[in-house]
Structure formats: C-alpha cells, structure tokens
Amino acid sequence: MIVPMSKYDLVVFHRDKDAFLERLQELGLVDVTTSGWEPDEAEHALMMLINRHRAAVAQLRAMASGKDFVAGKPYKTGEEAWANYEEASANLTALDSRIEAVFKEVEELRVWGEFDPAAIRELAADGVVLRYFNTFSKEFAAIRAEWSEQYDIEPIAERGDMVYFVVIATPGQEIAIHAHELKAPTATAAQREAEAAHLLREKKQWEAQLARAAVSVGLIETQLRREEEQLQLSRVTRSARDEAEGTLVIMEGWATRETVAKVDAMLERHPGVYFEKSNPSPRDEVPVKLKNKKWSSPFELIGSFYSLPKYGSIDLTAFFGPFYMVFFGFCLGDAGYGLVLLLGAFVMRRMARRKHSRTLSQVSVLTLLCGATAVVVGFLMGGFFGIQLSELVIFEDFHERFLTPEMLFALALGLGVVQIFFGLGLRVANMTRLFGFRYSLGTLGWMMALGGLIYMALPSVSEMLPGIEIDYAVNMTVCYALLIAGGALMLFFHNPDRNPLVNFGSGLWNTYNEATGFLGDILSYIRLFALAMAGGTLALVFNQLAVGMSEGLPIVASQLLMVIILLFGHGINLFMSALGAFVHPMRLTFVEFYKNAGFEASQREFTPLQKQTTKNE
C-alpha cells in the first residue's frame, strides 16, 4: 500500500533557517520539496566526491571480503584513511601499467640474449652501429644470401617461424633489406626483470597501505555519510523560496500520517517557525513511500525496476506478486531447477541475517517464493532436471494429470486473460474511488464486451485441454447481452463529461486501438509457453547428450564424462532459464498488466531530510 502523507507549508524566519533545517535533519521524518534544484559548482564538486567515496567503499569492501586478504593496522580518522586510499590507488594504477609494459619488454628482449648495453654504445661511438631486424625463417636464408656481400648479417635467435638478426652498419647508412626493423634494445632482459621485481615489491607496499584503508572502510563510509548530509542540506537550503525581502523563507514538507504527531511537536517547540498542515491535493507532487506485508514486500524490488506508483493511485505490488510467481514457475519449467533456487534462497537468508541487510533479505524471500512456485509448476509439467516424470513407474497413476504442451499453451493464454481482466477490474475500482463510478463505465464496458467474446470462444478453447471434460452450454443470449451492453458503455459513456453522441466518434477510434491492443496483450503471454518448452527441452537434450557421449567408455571415464556434461549443461540451462524467468514476467507485469490496470508513475520517492550517519540501512 501507499503510505498516507500530510503536507506542511513552512514559513521560517531567515535567521532561524539553518538551525531549523539542522533540527529537521536530526528528526529525520520530513521530506522537504526541492523541485527545480540545479547543482552549483560547489555542489557539483561535492557530488563528484560522493561518487568517488561510494566507489572506494565498494572496492574496499570487496577487497576485505577476499579469502587472501591480509588485514593491516586501521587508520585513526576517515580523512587519513581516504588520503592514504587515494595515494595507494593512484600509485597502484600507475604501477600496474608500468609492470605490464616492463614484462612485455622482457619478452621482446629475450630474443637478443645477454649483452652489454654499454659496449654497444661504445661501438656506436667508434662508428659501428648495430641494426636489429626480424623476418620469417623461410625468407631469412634468401636475404642472407642476397645481401651478405653488402652487409654483415648475423642471426641472433629463432622464435617459432621468425628469425631475429642484426646488421653491422655505419652511422646513417641506408639498409635496403626486405625485413622488419626493430627498435634497438637499451637494456637486457635480465635488467628489465630486475626492474619488474623492484616494481612488484613496491606494489606490495602500496597494497599493504590499501589493506589498511580496507580495514578502515567504516571511517571512510562515515565520511561519505557526512558528505551526503551536506549535499542534502545544501539542496534543501537552495530550493527554499525567499519572501518579504529575504526576511522569510518558505518551504514545503511532507511527513507520513503515522509520524505527524512527532513532527507537529517539533515544529511547535521551534521558535521562528509558522506551519500549516493539510492533506495532499491532486495538483501536488506528493512523495511516495510503500509499506507492504511481509510476503508481498519482496515484490517491491520488482516494481522498483519500473517506477513507484503515483500518490493516490493503487499500489499494485501485492496484486502482481502472485502472478509473477506463477509466471516465473512457468518460464523456469523444471522442478529440479526450482529446488536449486530454494537452496539458494536459504543460503541468502542466512547471509542476510548475518549482515543485517534488508535488501538481501527481500531477495532471499523473493527467491524462496519463486523457487517454491517453480517446484510446483515444474512438477505439474513433469520435469525434474530434464527427467520426464511421466515415464517413471512411480508416477504411472499420475501420468494423465501432467500438463501436455497443448494444455500449457491454453493455460498461458488463460493466465494472460485472467491477469488482464484483473488489471481492468483494478482500474475500475481505482477510478471509482478517485472520481466516481460513472468515470469507470468505459472500462467496465470493455470488460463486459471482452467477457462476452471469451465466453463465446470457450468451447473452442476446451478442445485444447485434452483429458478435461468441460460442458460449456453457451447461452448466446448472455453473450449478446454482454456485447451490446459493453459496446454501448464503451462507445457512448467512456467520457461522462461529454454528450454521449459526441463520445461516439472518439469511442469508435478508441475501440480500434483498444481491440488491437488487447489482442496483442493476450498474445504476449505465449512467451510463457515458449520459455517453458525451451527450458524443458534443453534439459532433456543435455541428459541425452550425457548418456550418448559416455556410452561405450570405461565405467570410470563414462561416469566422469557424464557428470561433467550434466553439470555444465544444466548449469547453463539453469542460468538462461532463470534469467528468462526473471525478465519476461517482469515485462508482462510492466507492459500488459500495468497498462490495463491504469498504472500511473510517480517521479518522487519519499526521502526525508535526515542524518545519514544514523540512518538505518
């Protein structure tokens, strides 16, 4: 549900503004409107610093969680930890580039063997210059035979199909040899290896400094929270409107109904503040906060990928949650894969309790619900890690109750029809609640007309459900009554503020758009059937592949190969099926269900002005 809000119009004496905002921040219950805010140069720099701190915290936490991490002595302050982190991070970045370049140079120098760079420089001073070349081995013999009378050519090394050689020349001499000339080496491979070893020792020192920063990540995070507080306070301060020649500051704030008593008490005690409390109006941009029950709140994570609902509308979280679970089970299509997700959910649950992470806890519950549904739906579809349960003797009496492809296809479309009708019903309820029943007549007409068409088509659909006998004695009078009544409502009464005859023209155009839209929406649910069949078929194929490729091998090799193929194949299939089961039900929710339910998005989440250092994660 959407938490009810109260609006506060605040008038503050300009001298009390800073103290008042500080007090609001300590209270942590009021969202102050900051519409129209644009960051200035100082705020932009602060935002960049905050982003750098966030990246540093993420990097250091990942570093500290590594199994090879060696903790160092923590720093005393966040400023010290941050300065040492930046220094170590910058030097490590530069060192990594230098080390990579040195090792590359070592490989290039190995072909020239051991030599004295100083002696080569002395030869050059005496007029003897060494020029360095390489060419393909099959071409080198011809080059040496053709040019040996003009140049002194000496092979040095052969690597693969390449020959590396030197030409002894004089300063400035032009050498016309069809070979690739290389840069003259300035050091030996051994010298560069010694330099690389020195760089690696230096890298370890900087890594030790970075490890100290990782141990002090809490101090850096506290510093990050202070910067976020500073930015939030600056944003609110600059968004306030000055009146009465700058002596008064006007602000707009929002608080949840359950906390208004605390907010009122604070405002009444604070000097220099006048406030008026009221309920939100339709013109207000009200911040939104959701509060759902334990088993539906995890689906807020799914809804957050799209948008929060507009204040005053219906929170659809609890309504799309059950559909999402069933769709997930359809798309995963295997009871064994569902069991793997259940196991993962319990592991994440333990991690969430250990880390006190609300987000990880929600993810674990969401995985638990979807995994449990996948087990049930996968069993009804007769799949368990690709094993066809209908072929097992233990399920012989249950054979006719497994879902066939024809039944899956019909159920996928049926689920689509049910969810779309459910969405339309929610739209009717919401419009009735907000504006009155007469404003929902057009949508109600569409529900009646579609219901009549579907009722008429039920005998044909029943043919797609073998093994299930349903007696549909279609009463054509009921069908025609629904079609006529629904058509009249959607053509003449879709806008009660206009004359019914004026509505007729726009109603015809709406009928075309809505009819094609509904048909496309229902057909979109075929993806549930397609993904279910694809995942189950691939699981079966990997099982057959494991048996076929291991046949005829010695028993140990056969079992080992079979295990490798099964783990690899089912691992890939589980990943792809779970990804599809996560994305496609989300797409059906956001496009088909949200549209038919009349979802309106909010651009603003309830974010109270508060002390970030004391904020509960």
Side-chain angles (χ1 to χ4, degrees), residues 1-5 28-29 31 33-35 47 50-51 54-55 57-58 228 232 254 256 258 280 285-329 331-332 341 344-345 348-349 351-352 355-371 373-374 419 422-423 426-427 430 578-610 612 615-617:
M1 60 168 287
I2 299 175
V3 177
M5 294 283 170
L29 299 175
D31 182 324
T33 301
T34 58
S35 56
M47 292 169 64
I50 288 173
N51 289 334
R54 286 175 180 167
V57 168
E228 290 175 337
Q232 190 182 40
W254 300 90
T256 61
E258 58 189 15
E285 184 182 347
V286 188
V288 174
K289 179 180 179 181
L290 301 182
K291 183 179 180 180
N292 288 287
K293 295 183 179 180
K294 181 178 180 180
W295 293 106
S296 58
S297 63
F299 292 99
E300 293 176 5
L301 294 173
I302 301 298
S304 66
F305 283 99
Y306 189 74
S307 175
L308 290 170
K310 184 178 179 181
Y311 187 84
S313 63
I314 297 178
D315 176 19
L316 299 177
T317 303
F319 298 111
F320 76 72
F323 286 101
Y324 187 91
M325 289 164 44
V326 175
F327 294 165
F328 188 97
C331 294
L332 199 62
L341 292 184
M348 284 190 289
R349 188 69 174 170
M351 292 175 58
K355 296 183 178 181
H356 304 287
S357 172
R358 182 176 181 270
T359 301
L360 187 58
S361 177
Q362 286 184 310
V363 173
S364 67
V365 175
L366 181 63
T367 307
L368 176 67
L369 294 174
C370 292
T373 309
Q419 190 182 41
F422 185 60
L426 290 175
R427 188 199 292 186
N430 192 41
L579 183 62
F582 174 72
V583 172
H584 287 282
M586 187 187 302
R587 191 263 183 200
L588 292 173
T589 298
F590 295 158
V591 179
E592 278 72 29
F593 181 64
Y594 271 19
K595 180 183 70 173
N596 288 291
F599 177 83
E600 293 185 74
S602 171
Q603 302 300 322
R604 185 177 174 191
E605 182 181 4
F606 180 72
T607 309
L609 186 66
Q610 60 184 326
Q612 299 294 327
K615 180 181 178 181
N616 292 327
E617 295 299 329

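We use all heavy atoms of the structure for the numbers below, so side chains are in, but hydrogens, waters and symmetry mates are not. Remember, predicted model here, so these are calculated numbers, not experimental data.
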Are [X] and [Y] packed together at the side-chain level, in the sense that at least one heavy-atom pair is separated by less than 4.5 angstrom?
X: Phe328; Y: Thr367; value: no
X: Leu316; Y: Pro309; value: no
X: Pro4; Y: Tyr311; value: yes
X: Val363; Y: Pro298; value: no
X: Leu426; Y: Phe593; value: yes
X: Ile302; Y: Leu366; value: yes
X: Phe606; Y: Val286; value: no
X: Val288; Y: Leu290; value: yes

Original post:
According to the side-chain hydrogen bond (donor to acceptor under 3.5 Å, both in side chains) rule, which pairs have a member within residues 296-310, sequence neighbours left out?
Top reply: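 Qualifying pairs: Asn292-Glu300.
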Does [X] reach the main-chain N or O of [Y] with its side chain, forming a donor-acceptor pair under 3.5 Å?
X: Asn596; Y: Glu592; value: yes
X: Asp31; Y: Thr607; value: yes
X: Arg604; Y: Glu285; value: yes
X: Gln419; Y: Thr589; value: no
X: Tyr324; Y: Cys370; value: no

**OP:** Would you confirm whether the ring centroid of Phe323 sits within less than 6.0 angstrom of the ring centroid of Phe422?
**Re:**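 Centroid separation for Phe422 and Phe323: below 6.0 Å.
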**OP:** Mind checking side-chain contact (heavy atoms from CB on, under 4.5 Å) for Val591 and listing every partner two or more places apart, or none if nothing turns up?
**Re:**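 side-chain contact (heavy atoms from CB on, under 4.5 Å) list for Val591, sorted by chain: Arg587.
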Subject >> Pairing residues for Ser361 by the side-chain hydrogen bond (donor to acceptor under 3.5 Å, both in side chains) criterion, not counting sequence neighbours >> reply: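 Scan of Ser361 (side-chain hydrogen bond (donor to acceptor under 3.5 Å, both in side chains), adjacent residues dropped) gives Arg349.
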Starting at [atom1] of [X], measure out to [atom2] of [Y] and round the result to the nearest 0.5 Å.
X: Asp315; Y: Leu308; atom1: CG; atom2: CG; result: 8.5 Å
X: Leu29; Y: Gln610; atom1: CG; atom2: CD; result: 8.5 Å
X: Thr256; Y: Ile2; atom1: OG1; atom2: CD1; result: 14.0 Å

Original post:
So Lys291 and Glu258, side chain to side chain contact (heavy atoms under 4.5 Å, CB included) or not? Walk me through it.
Top reply: CA-CA 12 Å; Lys291 183 179 180 180; Glu258 58 189 15; 3.6 Å; yes
Closest non-hydrogen atom pair between [X] and [Y], with its separation:
X: Ala374; Y: Leu332; answer: CB-CD2, 3.5 Å
X: Pro585; Y: Gly580; answer: CD-O, 3.6 Å
X: Phe320; Y: Gly303; answer: CZ-N, 4.0 Å

**OP:** List the steps and the verdict of side chain to side chain contact (heavy atoms under 4.5 Å, CB included) for His584 and Phe327.
**Re:** CA-CA 8 Å; His584 287 282; Phe327 294 165; over 6 Å; no
**OP:** Might you work through the side chain to side chain contact (heavy atoms under 4.5 Å, CB included) test for Glu228 and Met47, ending with a clear yes or no?
**Re:** CA-CA 8 Å; Glu228 290 175 337; Met47 292 169 64; over 6 Å; no
